[in-house]
Trainee: 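Once you've had a glance at the structure underneath, I'll fire off some questions.
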Amino acid sequence: MLEHGGNLQHACIAYQRPLEAWLDLSTGISPYTYPVPAIAAELWHRLPIENDALLDTARRYYQQEHLLAVAGSQAAIQALPHARPHSRVLVLGPAYAEHAHAWRKHGHAVIERDNLPEAAELGDIDVLVVCNPNNPTGRLCSPAQLRTWQQALAPGGWLIVDEAFMDATPEHSISTQAAKPGLIVLRSLGKFFGLAGARVGMVLAAPELLGQLREWLGPWTLSGPARQIATAAMADSDWQRAQRGRLQQDMHKMNAMLQAAGIAPTGSTALFSYWQDPRAAALHAHLAQDGIWTRLFAQPSAIRLGLPPPEDWDRLQQALLAWGQQKAGVSG
Ligand SMILES: Cc1ncc(COP(=O)(O)O)c(C=O)c1O
């Protein structure tokens with residue numbers, strides 16, 4: 001199993017601090033969770049039904065007719081490698097590690113590279129995986145760039161665009177184009193909606209591939225309660241608008257706070273900030289001493305910080321100021 005953010009048990013042991021004493025900034029999950037509606041009692045009792053309002057609501061939300069609901073986009077990441085014969089797969093990194101892991105596990109030939117490829121380099125690539133915006137670097141590729149890459153792939157090639165962090169900036173999404181053969185878009189309700197525990201994701205792709213995935217995943221991939229919650233969240237455009245505003249404002253504040261502590265973020269999305277720097281491990285340890293858990297990356301040396309809930313901004317600010325003062329003291 002790969003290591004991920006949200007591994008607080010590890011923090012508890014390493015720093016001898018109980019679970020409830022941590023501020024967890026190690027994921028990119030929104031601190032504002034969609035207010036989950038009361039679950040109708042019969043949803044616990046009967047098997048999930050597929051002709052509820054979920055898919056039509058999702059079609060409106062993603063502006064795409066062809067989609068499949070899955071138990072988190074992770075389920076699709078694991079299923080997709082089964083739907084192709086042996087392939088040459090390029091993952092643009094450093095990215096969510098489950099993509100490369102899933103393709104490798106299924107015997108495909110996987111290359112990972114950080115710098116963006118020229119279209120001419122893609123002629124012998126069967127599958128290109130791009131997280132957009134990228135987790136953890138925040139890099140955003142334009143729809144035009146993605147189209148150029150897709151057209152340059154080997155015949156029958158797939159471009160997989162993981163848009164798990166796209167909901168705050170839907171104007172950059174290519175969800176409307178995903179019914180074209182060879183383009184697969186993955187979405188998640190875990191990040192922007194703060195519903196990671198509900199395990200709801202969507203695959204947007206051509207109907208034939210969706211049929212294959214559906215067959216592979218089998219019936220009842222989503223529980224009835226998860227379907228009800230996801231339907232409510234995707235239908236609630238007022239909440240989504242307010243959420244975009246809140247996250248944008250908070251990320252602005254976060255980046256300003258980091259700058260004030262002498263940390264110039266290398267990248268960010270609406271849900272996390274990323275700093276690639278040799279001092280990343282030192283900052284991670286400094287924050288952990290104060291009970292603030294972040295995601296540390298070894299290669300390249302980098303740290304990712306998610307947004308705190310409103311009541312914990314002061315705590316983060318104090319820890320960052322102390323870091324800034326320490327560093328100023330060292331260099332002064
Ligand atoms: C880029 C990216 N894609 C997909 C996932 C999987 O998310 P979920 O299975 O909760 O939809 C994650 C989780 O961290 C992620 O960071």
Side-chain angles (χ1 to χ4, degrees), residues 1-8 24-31 33-34 36 54 58 61-62 67-81 89 91-103 105 112 114 127-141 146 159-169 172-175 178 184-205 213 217 221-223 226-227 229-230 233-234 247 267-274 293-297 302-307:
M1 299 274 261
L2 299 176
E3 201 189 314
H4 291 291
N7 53 347
L8 267 185
D24 186 9
L25 305 186
S26 70
T27 76
I29 298 168
S30 167
T33 300
Y34 182 74
V36 169
L54 176 75
Y61 180 66
Y62 297 112
L67 38 77
L68 176 71
V70 287
S73 48
Q74 179 63 31
I77 291 171
Q78 288 170 213
L80 283 167
V89 181
V91 179
L92 291 193
Y96 182 57
E98 294 285 349
H99 286 286
H101 182 65
W103 287 92
K105 211 163 112 181
E112 290 175 81
D114 296 357
V127 179
L128 174 63
V129 182
V130 183
C131 293
N132 204 40
N134 189 39
N135 172 20
T137 64
R139 177 190 59 215
L140 185 68
C141 296
L146 294 168
L159 170 64
I160 300 175
V161 184
D162 179 343
E163 294 190 347
F165 285 96
M166 190 57 97
D167 298 65
T169 52
H172 298 299
S173 170
I174 53 163
S175 65
I184 299 153
V185 175
L186 305 181
R187 300 290 295 247
S188 172
L189 269 78
K191 321 300 181 189
F192 174 80
F193 291 97
L195 292 172
R199 310 303 308 132
V200 184
M202 292 281 162
V203 186
L204 284 51
L213 289 176
L217 292 165
T221 49
L222 285 196
S223 71
R227 296 180 74 94
I229 292 164
M234 285 188 290
L247 293 176
S268 64
T269 67
L271 287 161
F272 59 79
S273 206
Y274 177 76
W293 193 236
T294 56
R295 178 74 163 97
L296 179 67
F297 300 89
I303 185 171
R304 186 190 66 204
L305 293 93
L307 291 171

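Note that these values count all heavy atoms, side chains included, but never hydrogens, waters or copies made by symmetry. Read the numbers this way: they start at 1 and go in the same order the structure lists the ligands and their atoms. Everything numeric here is computed off the predicted structure, so don't read it as measured data.
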Trainee: Mind checking side-chain contact (heavy atoms from CB on, under 4.5 Å) for L296 and listing every partner two or more places apart, or none if nothing turns up?
Mentor: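 Once residues adjacent in sequence are excluded, the partners of L296 under the side-chain contact (heavy atoms from CB on, under 4.5 Å) criterion are A280, A281, H284.
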
Trainee: Would you tell me whether N132 and R139 have side-chain atoms, one donor and one acceptor, within less than 3.5 Å of each other?
Mentor: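 Note: N132 and R139 side chains miss the donor-acceptor criterion.
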
Trainee: Please tabulate, for side-chain N and O atoms in residues 193-200, each donor-acceptor pair with protein atoms closer than 3.5 Å (sequence neighbours left out).
Mentor:
| unit_1 | atom_1 | unit_2 | atom_2 | d |
| --- | --- | --- | --- | --- |
| R199 | NH1 | A196 | O | 3.1 |

Trainee: Mind checking ring-ring contact (aromatic ring centres under 6.0 Å, His included) for H4 and listing every partner two or more places apart, or none if nothing turns up?
Mentor: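 For H4, the residues satisfying ring-ring contact (aromatic ring centres under 6.0 Å, His included) (neighbours in sequence not counted) are Y96.
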
Trainee: Would you say the rings of F192 and Y34 are close, in the sense that their centroids are separated by under 6.0 Å?
Mentor: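 No, the ring centres sit 6.0 Å or more apart.
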
Trainee: Residue by residue, ordered by chain and number, which ones reach under 4.0 Å of ligand 1 with a heavy atom?
Mentor: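 Shell around ligand 1 (4.0 Å, heavy atoms): G72, S73, Q74, I77, Y96, N135, D162, A164, F165, S188, K191, R199.
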
Trainee: Check each of L128, V129, D114 against L92 using the side chain to side chain contact (heavy atoms under 4.5 Å, CB included) test, and report the only one that passes.
Mentor: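 For L92, the side chain to side chain contact (heavy atoms under 4.5 Å, CB included) check succeeds only for L128.
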
